[in-house]
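Side chains are part of it too, since the values below use all heavy atoms of this structure and drop only hydrogens, waters and symmetry mates.
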Amino acid sequence: MSLDIVSQSKCFGGTQATCRHASTETGCDMRFAVFTPPQAAHRPVPVVWFLSGLTCTEENFTVKAGAQRVAAERGLMLIAPDTSPRGEGVPDDPAGAYDFGLGAGFYVDATREPWSKHYRMRSYLERELPALVGRELPVDMMRQGIMGHSMGGHGALTIALREPARFRAVSAFAPIVSPMNCPWGEKALTGYLGPNRAMWRTYDACALIEDGARLPALLVDQGTADGFLASQLKPELLEAACEKAEIPLTLRRQDGYDHSYFFIASFMADHLRWHAERLG
């Protein structure tokens with residue numbers, strides 16, 4: 001087995017584990033969390049991927065989102081990867097900023113030095129990790145869903161738009177819907193890819209939709225008290241893009257909720273049920 005089990009605990013009749021493996025794409029050891037529901041003892045189960053936001057690791061979703069109970073009831077495997085490569089030799093933002101470098105991989109394949117050697121989160125999540133999970137875990141890879149929060153919402157939307165045949169269900173919490181049009185995204189895409197904005201479009205959900213990418217349906221929750229709402233998240237851009245492309249978007253503006261995991265935990269059950277209905 002090419003996975004090392006770092007930790008494992010029984011949880012709602014299944015198991016919650018943290019795994020580690022050597023990644024060819026990122027050139028370092030990577031960790032991810034996996035909740036395996038009790039149904040997996042008898043048959044392969046559907047999987048829902050959760051991509052986390054800035055500064056997070058695989059642990060944030062695992063301990064704060066409150067997802068395991070409903071996942072166990074619905075027979076869903078949950079996988080939460082880390083947000084960036086880490087380890088000796090992996091470069092970080094020289095100024096120590098939270099929104100670039102470690103914890104801020106933005107789910108891209110970097111093309112600029114010194115980032116291009118390790119910061120290959122797109123290829124890691126689109127090819128390497130799914131292949132590993134399909135080999136090593138009791139999962140039905142024909143039934144996959146994906147969701148994420150903030151930077152991870154950006155990752156979930158863009159990966160799903162690039163690979164619509166892979167995912168039957170897609171949702172997001174407070175996603176960065178257009179990195180090309182917000183300070184976080186402009187900083188990250190310039191740093192990882194360079195100033196040519198044409199190269200950024202494959203990492204922008206609204207641009208992908210404008211360029212012809214489609215999803216069968218999309219669920220997004222956004223808190224109205226989110227401090228990043230106007231400057232970084234801009235859900236109205238996604239709303240306009242989906243309306244023009246005739247993509248069914250359920251955009252729920254949740255009154256008084258902020259950007260935290262308290263917000264995510266409040267509506268996690270809705271999202272898991274959304275995925276379960278579509279994964280069968």
Side-chain angles (χ1 to χ4, degrees), residues 3-4 6-7 18-34 49-65 79-129 132 148-159 173-176 178-197 199-200 202-204 227-228 231-233 259-261 264:
L3 285 178
D4 294 327
V6 177
S7 64
T18 299
C19 302
R20 179 178 56 226
H21 71 104
S23 167
T24 301
E25 289 290 351
T26 67
C28 64
D29 284 353
M30 295 293 293
R31 291 164 61 113
F32 66 94
V34 54
W49 303 79
F50 185 91
L51 305 187
S52 296
L54 290 166
T55 77
C56 291
T57 69
E58 75 288 341
E59 185 178 27
N60 297 75
F61 170 78
T62 303
V63 302
K64 295 181 179 180
I79 295 181
D82 202 348
T83 53
S84 77
R86 301 180 194 268
E88 186 176 352
V90 176
D92 193 8
D93 185 275
Y98 76 94
D99 56 357
F100 192 80
L102 299 183
F106 259 83
Y107 305 102
V108 306
D109 279 356
T111 57
R112 298 184 74 189
E113 297 292 342
W115 318 103
S116 57
K117 179 179 179 182
H118 297 287
Y119 283 77
R120 296 185 50 79
M121 293 299 293
R122 172 182 177 175
S123 290
Y124 175 68
L125 289 171
E126 289 184 354
R127 294 197 297 268
E128 184 177 20
L129 187 57
L132 178 67
H149 170 233
S150 193
M151 178 186 73
H154 140 73
L157 294 179
T158 54
I159 290 172
F173 298 88
I176 303 171
S178 185
M180 296 178 68
N181 293 291
C182 73
W184 278 340
E186 290 177 354
K187 177 179 178 178
L189 297 178
T190 300
Y192 293 131
L193 304 175
N196 183 355
R197 294 176 68 91
M199 294 180 62
W200 300 4
T202 191
Y203 298 113
D204 185 294
F228 303 113
S231 61
Q232 305 281 10
L233 306 177
H259 201 67
S260 70
Y261 267 85
I264 296 171

Atom pair [atom1]/[atom2] of [X] and [Y] - distance to nearest 0.5 Å:
X	Y	atom1	atom2	result
Met30	Leu125	CE	CG	7.5 Å
Trp200	Leu193	CH2	CG	8.0 Å
Phe61	Ile79	CZ	CD1	10.5 Å
Phe50	Asn60	CZ	CG	9.0 Å
Ser84	Leu54	OG	CG	10.5 Å
Met151	Ser52	CE	OG	8.0 Å

Inset, instruction - Run the ring-centre check on Phe100 versus Trp115 and record whether the distance is less than 6.0 Å. - result: yes
Inset, instruction - Taking the six-membered ring for Trp and the single ring otherwise, decide whether the centroids of Phe106 and Tyr192 are under 6.0 Å apart. - result: no
Legend entry - side-chain hydrogen bond (donor to acceptor under 3.5 Å, both in side chains) partners for Ser116, two or more places apart: Glu113
Inset, instruction - Mind checking side-chain hydrogen bond (donor to acceptor under 3.5 Å, both in side chains) for Asp93 and listing every partner two or more places apart, or none if nothing turns up? - result: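 For Asp93, no residue satisfies side-chain hydrogen bond (donor to acceptor under 3.5 Å, both in side chains) once neighbours in sequence are set aside.
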Tell me, do [X] and [Y] make a side-chain contact under 4.5 Å, heavy atoms counted?
X	Y	answer
Tyr203	Asp109	yes
Ile176	Leu233	yes
Trp184	Ser150	yes
Leu129	His21	yes

Inset, instruction - Let me see the working for Tyr261 and His149 under ring-ring contact (aromatic ring centres under 6.0 Å, His included), right down to the final yes or no. - result: CA-CA 9 Å; Tyr261 267 85; His149 170 233; 5.7 Å; yes
Search all heavy atoms of [X] against all heavy atoms of [Y] and return the closest pair with its distance.
X	Y	answer
Asn181	Arg197	OD1-NH2, 4.3 Å
Ala65	Ile264	CB-CG2, 4.3 Å
Arg86	Cys56	NH2-O, 3.1 Å
Pro85	Val90	O-CG1, 3.8 Å
Val34	Cys19	CG1-SG, 3.8 Å
Pro183	Ser231	CD-O, 3.4 Å

Inset, instruction - Could I get the full list of salt bridge (Lys or Arg N to Asp or Glu O under 4.0 Å) partners for Asp204, not counting sequence neighbours? - result: none
Legend entry - Donor + acceptor pair across side chains of Thr18, Glu58 (<3.5 Å): no
Legend entry - side-chain contact (heavy atoms from CB on, under 4.5 Å) between Ile159 and Leu51, worked out: CA-CA 11 Å; Ile159 290 172; Leu51 305 187; 3.9 Å; yes
Legend entry - Plane angle bin for Phe228 and His259 - parallel if under 30°, tilted between 30 and 60°, otherwise perpendicular: perpendicular
Short question: side chain of [X], backbone of [Y] - any donor-acceptor pair under 3.5 Å?
X	Y	value
Arg120	Thr24	no
Tyr119	Leu102	yes
Thr190	Lys187	no
Asp82	Arg31	no
Glu128	Glu25	yes

